[in-house]
Amino acid sequence: MTALRPIRLVVVAGARPNFMKIAPLVRELRARPRFETCLVHTGQHYDRAMSESFFRDLGIPEPDLNLGVGSGRHGAMTAQVLAELEPVLEARRPAAVVVVGDVNSTVAASLAASKLRIPIAHVEAGLRSFDRSMPEEINRLVTDVLSDWLFTTETSGGDNLRREGIPEEKIHFVGNVMIDTLTANLARARELDTLERLGLEAGRYAALTLHRPSNVDERETLAALFDVLEEVHREIPVVFPVHPRTRAAIERLLGSHEPTLRTIEPLGYLDFLRLMSDARFVLTDSGGIQEETTVLGVPCLTLRENTERPVTIQEGTNTLVGSDPATIRAEVRKILDGEAPRGRVPERWDGHAAARIVDVLERDLG
Ligand code: UD1
């Protein structure tokens with residue numbers, strides 16, 4: 001009997017929110033003997049706290065290759081990933097390239113693969129904020145139009161893709177790989193001494209993250225947001241791990257007026273999961289955190305005007321509050337008065353999304 005030929009894949013990751021998505025995929029691929037997986041890190045995120053600590057916390061193997069592109073303007077960064085990845089893909093000629101999420105590395109890898117006619121699998125396809133001022137929305141639209149397998153996390157994803165004319169047979173509703181990672185790691189996170197280290201008591205603080213250009217790039221918006229967040233902080237401590245982009249914006253735009261919140265360095269995956277899971281509520285402009293809080297049953301106030309993840313509002317614990325101080329104040333009040341939405345876990349967010357994805361790839365490429 002002749003051995004079956006291996007299925008060679010290249011999996012690409014570049015920025016913090018990619019790492020928790022590739023972790024279960026790489027584990028599942030490496031557990032199946034048919035697959036030969038090459039992991040490429042673009043280097044979009046490079047700080048220890050933004051990259052290495054996630055690989056360590058989540059047991060992701062060392063990347064086979066790091067393109068080392070670093071930070072830069074969006075066009076230049078995207079072009080650099082494209083230029084560095086092209087010869088890698090040309091040499092390896094994988095059966096498919098797997099990309100996740102919506103960061104610049106995602107769209108760059110998709111462009112590189114499509115020019116070489118290498119099929120693309122997009123994990124977390126179909127999400128739409130319908131707001132093209134968000135760089136991620138452009139990345140999502142372009143990646144999806146180029147992809148051959150579109151793995152969706154929620155039913156709105158499939159609806160959006162069908163509306164855009166993507167054929168039904170390319171769309172696979174598989175659930176949420178980021179939730180695979182959350183369910184696999186929650187017990188470990190709960191054993192950590194994160195709260196003790198920070199001097200916090202479960203249920204008696206709020207956690208905040210903030211990094212979107214629309215919130216942090218202009219002085220007036222940022223200052224107004226901090227004004228209302230400081231008000232909240234006077235009622236319940238607000239713990240704020242500061243993203244490097246936001247740290248730079250605070251220094252550039254607010255100078256000596258550091259917000260009087262409980263600011264800390266960015267946390268690793270497990271510490272942040274612990275922080276979220278015991279928070280009274282979370283304030284954020286992140287995409288993924290809206291989903292994680294929904295699964296944890298922790299109320300989430302999203303500091304944005306829209307979301308590409310509507311299931312977190314319809315079924316989960318998420319409320320959009322934008323940046324309007326009165327709305328933020330009112331929604332915080334509701335939570336403190338015990339009126340927060342409890343929500344339920346959306347369909348197929350059950351810890352098995354990566355297995356479903358790899359089943360489809362094995363069937364189609366085997
Ligand atoms: C990127 C993603 C965003 C995601 C976010 C999570 C895009 C368009 N945006 O935004 O979708 O929600 O990651 O973190 O891809 N920096 C460091 N160290 C690092 C990485 C970045 O100091 O390891 C600083 C640099 O000053 C850099 C800035 O952060 O210029 C922005 O980094 P960049 O990767 O461009 O975008 P993010 O804001 O991190």
Side-chain angles (χ1 to χ4, degrees), residues 12-22 41-57 63 66-82 84-85 99-111 122-125 127-129 131-144 178 181 207-218 221-222 240-253 265-269 272 276 282-293 300 302-304 306-309 312:
V12 181
R16 185 169 66 175
N18 287 167
F19 305 139
M20 45 285 227
K21 293 170 194 163
I22 58 154
H41 190 320
T42 66
Q44 177 177 345
H45 283 177
Y46 43 84
D47 281 351
R48 219 182 131 72
M50 300 294 286
S51 176
E52 198 188 311
S53 81
F54 285 77
F55 278 72
R56 201 190 44 229
D57 273 7
N66 192 320
L67 306 178
V69 300
S71 301
R73 295 172 59 98
H74 283 214
M77 186 203 288
T78 308
Q80 213 182 327
V81 175
L82 185 49
E84 297 284 336
L85 195 56
V99 298
V100 298
D102 56 14
V103 301
N104 288 343
S105 298
T106 312
V107 73
S110 308
L111 281 166
H122 184 206
V123 175
E124 201 186 87
L127 297 179
R128 297 288 181 268
S129 64
D131 173 3
R132 291 198 186 185
S133 70
M134 284 178 82
E136 293 81 3
E137 182 75 354
I138 308 290
N139 296 345
R140 290 188 280 259
L141 283 161
V142 175
T143 302
D144 284 343
M178 204 183 58
T181 297
L208 165 71
T209 81
L210 203 62
H211 75 283
R212 293 253 161 239
S214 58
N215 279 330
V216 308
D217 282 1
E218 272 171 39
T221 318
L222 189 61
F240 178 28
V242 189
H243 186 286
R245 177 198 186 90
T246 311
R247 162 73 53 214
I250 292 173
E251 278 160 22
R252 190 177 66 247
L253 303 172
E265 290 301 307
L267 294 174
Y269 180 79
F272 189 68
M276 271 193 298
V282 171
L283 293 143
T284 190
D285 60 5
S286 148
I289 292 173
Q290 300 170 54
E291 298 181 336
E292 291 168 329
T293 46
C300 179
T302 296
L303 302 160
R304 288 174 46 189
N306 53 49
T307 180
E308 59 288 332
R309 294 161 160 92
T312 60

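When a ligand or atom number is given, it counts from 1 through the structure's own listing order. These numbers come from a predicted model, not from an experiment.
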Among all protein heavy atoms in this structure, tell me which lies nearest to [atom], with the distance rounded to 0.1 Å.
{"atom": "atom 14 (O) of ligand 1", "answer": "H243 NE2, 3.0 Å"}
{"atom": "atom 8 (C) of ligand 1", "answer": "N104 OD1, 3.2 Å"}
{"atom": "atom 2 (C) of ligand 1", "answer": "V103 CG1, 3.7 Å"}
{"atom": "atom 35 (O) of ligand 1", "answer": "M77 CE, 3.3 Å"}
{"atom": "atom 5 (C) of ligand 1", "answer": "H211 NE2, 3.5 Å"}
{"atom": "atom 17 (C) of ligand 1", "answer": "Y46 OH, 3.3 Å"}
{"atom": "atom 24 (C) of ligand 1", "answer": "P244 CB, 3.9 Å"}
{"atom": "atom 27 (C) of ligand 1", "answer": "S71 OG, 3.2 Å"}

So, taking the atom named [atom1] in [X] and the one named [atom2] in [Y], what distance separates them when rounded to the nearest 0.5 Å?
{"X": "N104", "Y": "T78", "atom1": "CG", "atom2": "OG1", "result": "4.0 Å"}
{"X": "T181", "Y": "I22", "atom1": "OG1", "atom2": "CD1", "result": "9.5 Å"}
{"X": "I138", "Y": "D131", "atom1": "CD1", "atom2": "CG", "result": "9.0 Å"}
{"X": "T42", "Y": "L82", "atom1": "OG1", "atom2": "CG", "result": "12.0 Å"}

Among E136, M134, R212, which one has a heavy atom closest to atom 3 (C) of ligand 1?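 Looking at heavy atoms only, the winner is E136.
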Closest to atom 39 (O) of ligand 1 among R245, H45, Q44, H74 (heavy-atom distance):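 Among R245, H45, Q44, H74, the closest heavy atom to atom 39 (O) of ligand 1 belongs to H45.
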Would you indicate whether R56, at its atom CZ, is surrounded by more than 12 heavy atoms from other residues, nucleotides or ligands within a distance under 6.0 Å?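 Yes - once you tally the heavy atoms of other residues, nucleotides and ligands closer than 6.0 Å, there are more than 12.
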Interfacing atoms of ligand 1 (cut-off 4.0 Å, heavy-atom, M50):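 It comes down to these atoms of ligand 1: 14 (O), 19 (C), 23 (O).
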I'd like to know if R309 and E124 make a salt bridge, using a cut-off of under 4.0 Å between side-chain N and carboxylate O.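 Salt bridge between R309 and E124, a charged N being under 4.0 Å from a carboxylate O: yes.
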At the 4.0 Å heavy-atom cut-off, does P17 count as touching ligand 1?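 True for this residue.
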How would you list, by chain and number, every residue that makes a side-chain hydrogen bond (donor to acceptor under 3.5 Å, both in side chains) with E136, sequence neighbours excluded?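 Listed in chain order: R212.
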Among all residues two or more places apart in sequence or in another chain, which pass the salt bridge (Lys or Arg N to Asp or Glu O under 4.0 Å) test with R16?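 Partners of R16 by the salt bridge (Lys or Arg N to Asp or Glu O under 4.0 Å) criterion come out as none, since no residue qualifies.
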Any protein heavy atom nearer than 4.0 Å to atom 11 (O) of ligand 1: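 Yes, at least one protein heavy atom sits under 4.0 Å from atom 11 (O) of ligand 1.
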What closest approach, in Å, do V216 and A249 show between heavy atoms, and which atom pair accounts for it?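 Looks like O-CB, 3.3 Å.
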